[in-house]
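Just below is one structure, and these are the notes that go with it.
Throughout, a chain's letter reflects where its sequence line sits, starting with A, and its residues are numbered from 1.
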Number of protein chains: 2
Amino acid sequence: MVQPTPMKDQILSVATDLFAAKGFKGTSIRDISNALGISISNLYHYFGSKEGLLLAILQRTSETLLDDLQRVSEMELEPLERFKRLIETHLRQCRDFGKETRIFMLDKEHLSREGDRANRQIQRRVLAIYLKELGTLANRGLVTSRNLKVLAFNVLGVINWYLRWYRPDGPLSHDEVTEEITAFILNGIRGADI
Amino acid sequence: MVQPTPMKDQILSVATDLFAAKGFKGTSIRDISNALGISISNLYHYFGSKEGLLLAILQRTSETLLDDLQRVSEMELEPLERFKRLIETHLRQCRDFGKETRIFMLDKEHLSREGDRANRQIQRRVLAIYLKELGTLANRGLVTSRNLKVLAFNVLGVINWYLRWYRPDGPLSHDEVTEEITAFILNGIRGADI
DNA sequence: TTGACATTAGATCGAGCGTTCGATAATGTC
DNA sequence: GACATTATCGAACGCTCGATCTAATGTCAA
């Protein structure tokens, strides 16, 4: 006997799809309710408002997304190897939660004060993780750049850009691309004698 | 005697600010007309519709933005030096036309068929310029990566991310950051023996 | 069967949206 | 000075938005 997916999860799933495809402002609550075949009031029953829906998506995603990165950053490994794993994990997250990440990369301006704070904190925590790793690498002389913050942003730029151009139905597999991107980043931070 | 700025340009300027700040859907034509102290009908007199306004912004920007990159790519220089100049030019464009680029990075889904085509073509032309340069570098053995397309996307990721995190009022100057980013990218593409 | 409660549907609201219209004011042309 | 052209305006249109209200339905213990 299969447990039917709870309505709340169904709503979150469909809303995520629509928000990712048409944007937050571009998606009406009628769009969502129609796609699900339920009434508008039902949406309001589960999530108090349209933005409540957005916040729920943010919350649901951010937990798993950040915890995964955090876990990797706490692994006892060679710093370079750990950094590599961090990138791989992050790229996998981008693949699995691409739609959610897209929403908050594109529509962050439509969040309330509360949502905006939550969103910013997530971004800050991700940056902090990378900064810590880069600091460790720098201490071992594996990074020559002076400004670790710029370096971290560059790394995040490459990773975040991935979910803007990569198409799963294209010629390249996720693993191939991961390898290429990882190599690019590792070369980039190594700051060799150019 | 100072020539007053033509109303058309004023509208374009204010609209660019608002679209960049609040998104296309998030900005009403009333917002724009209020910010300018003119009537809504006046907007429609100059640009036939809200999307006409967006298209005008796209057109005005894309010309100067792309032509600059094109010009650099046609310079007769050492390939590595030309690539470096390309990045510098691109970053300068991001600094000067950050708002415009933001609009079409965030709101491309709201363009009509015509606008979407124009926007895609711009992206494609930018990518083509980088692919050509990377190809030249690869021919001289300066790039070891197998997949130039992924490499080009990585480069664009770093550059485009710049206009998401860089704040002119922060501690870093544009030139400092440009130097850091250029070094990162050049190291990244060199694909050394890691 | 009844009553309490959760869940649903559908009508409805005021606000805001993009857009249109007809009229007025300013400017240029002969 | 008459006339065409351009620039500007206020008022309104039809529509969609997020949100709410009311009433009906389903569920299940007592």
Side-chain angles (χ1 to χ4, degrees), chain A residues 1 3-58 103-104 106-116, chain B residues 1-58 103 106-116:
Chain A
M1 179 75 186
Q3 189 82 354
T5 313
M7 183 54 72
K8 222 174 168 175
D9 288 347
Q10 282 189 52
I11 295 174
L12 280 178
S13 169
V14 169
T16 301
D17 286 350
L18 290 177
F19 284 161
K22 311 198 295 173
F24 180 71
K25 289 256 178 190
T27 305
S28 72
I29 51 173
R30 282 167 180 80
D31 290 339
I32 302 171
S33 67
N34 283 340
L36 281 156
I38 64 170
S39 73
I40 294 175
S41 2
N42 213 349
L43 286 180
Y44 279 91
H45 174 251
Y46 286 111
F47 311 91
S49 66
K50 192 188 182 186
E51 194 181 293
L53 201 43
L54 189 62
L55 275 173
I57 295 174
L58 171 62
I103 295 174
F104 296 102
L106 297 180
D107 284 306
K108 57 181 155 65
E109 10 267 335
H110 304 130
L111 287 164
S112 68
R113 183 111 57 258
E114 181 193 358
D116 190 50
Chain B
M1 180 74 185
V2 187
Q3 188 83 352
T5 312
M7 183 51 67
K8 223 174 167 175
D9 288 347
Q10 284 189 53
I11 296 174
L12 279 178
S13 169
V14 169
T16 300
D17 286 350
L18 290 177
F19 284 159
K22 311 197 295 173
F24 180 71
K25 291 256 178 187
T27 304
S28 73
I29 52 172
R30 282 167 180 80
D31 290 338
I32 301 171
S33 68
N34 284 338
L36 280 156
I38 64 170
S39 71
I40 294 173
S41 344
N42 215 352
L43 286 180
Y44 278 87
H45 171 68
Y46 286 107
F47 311 91
S49 66
K50 192 189 181 186
E51 196 181 290
L53 200 43
L54 189 63
L55 275 172
I57 295 173
L58 171 62
I103 295 174
L106 296 180
D107 284 308
K108 57 181 154 68
E109 12 267 335
H110 305 131
L111 288 164
S112 66
R113 185 109 57 258
E114 182 192 356
D116 190 51

Check: In whole angstroms, how far is the P atom of C:dC13 from the CD1 atom of A:I40?
Finding: 15 Å
Notebook entry, point to check: Please give, in whole Å, the distance from C:dT8 C1' to A:I11 CD1?
Noted result: 12 Å
Check: On DNA chain D, which is the earliest and which the latest nucleotide, 5' to 3', with an atom closer than 4.0 Å to a heavy atom of chain A?
Finding: D:dC17 to D:dC21
Note to self: Looking at C:dC30, which nucleotide sits across from it as a Watson-Crick or G-U wobble partner, both distances under 3.5 angstrom, or is there none?
What the structure shows: D:dG1
Considering only residues two or more places apart or on different chains, which pairs with a residue in [range] satisfy salt bridge (Lys or Arg N to Asp or Glu O under 4.0 Å)?
| range | value |
| --- | --- |
| residues 28-50 of chain A | A:K22-A:D31 |
| residues 37-49 of chain B | none |
| residues 7-20 of chain B | B:D17-B:K99 |

Check: At what distance, to the nearest 0.5 angstrom, does CD1 of A:I57 lie from CD1 of A:I103?
Finding: 4.5 Å
Next item on the list: Kindly compute the distance separating OG (A:S33) from CG (A:L43), expressed to the nearest 0.5 Å.
Entry: 5.5 Å
Item checked: Nearest heavy atoms of A:A15 and A:I32, plus distance in Å -> CB-CD1, 4.1 Å
Check: Do you know the tightest heavy-atom contact between A:L12 and A:A56?
Finding: CD2-CB, 3.7 Å
Margin query: What residues from residues 24-39 of chain A pass a heavy-atom cutoff of under 4.0 Å to DNA chain D?
Written below: A:T27, A:S28, A:I29, A:R30
Next item on the list: Identify, residue by residue, the members of residues 45-56 of chain B with a heavy atom below 4.0 Å from DNA chain D, and return them in order of residue number, or none.
Entry: B:H45, B:Y46
Next item on the list: Would you mind listing every ring-ring contact (aromatic ring centres under 6.0 Å, His included) that reaches into residues 6-44 of chain B, with sequence neighbours excluded?
Entry: B:F19-B:F24
Checklist line | Residues within residues 15-23 of chain B bordering DNA chain C, heavy-atom distance below 4.0 Å | finding: none
Check: With sequence neighbours left out, what residues match A:D116 under side chain to side chain donor-acceptor pair (under 3.5 Å)?
Finding: A:R120
Check: Does A:N42 place a side-chain N or O at less than 4.0 Å from the phosphate oxygens OP1/OP2 of C:dT7?
Finding: no
Checklist line | Sub-4.5 Å side-chain heavy-atom contact between A:F104 and A:L54 | finding: yes
Item checked: Heavy-atom check, side chain of A:I11 versus side chain of A:N42, under 4.5 Å -> no
Next item on the list: With sequence neighbours excluded, tell me which residues meet side-chain contact (heavy atoms from CB on, under 4.5 Å) with A:A35.
Entry: A:V14, A:L18
Item checked: Results of side-chain contact (heavy atoms from CB on, under 4.5 Å) for B:S41 - residues two or more places apart only -> B:S39
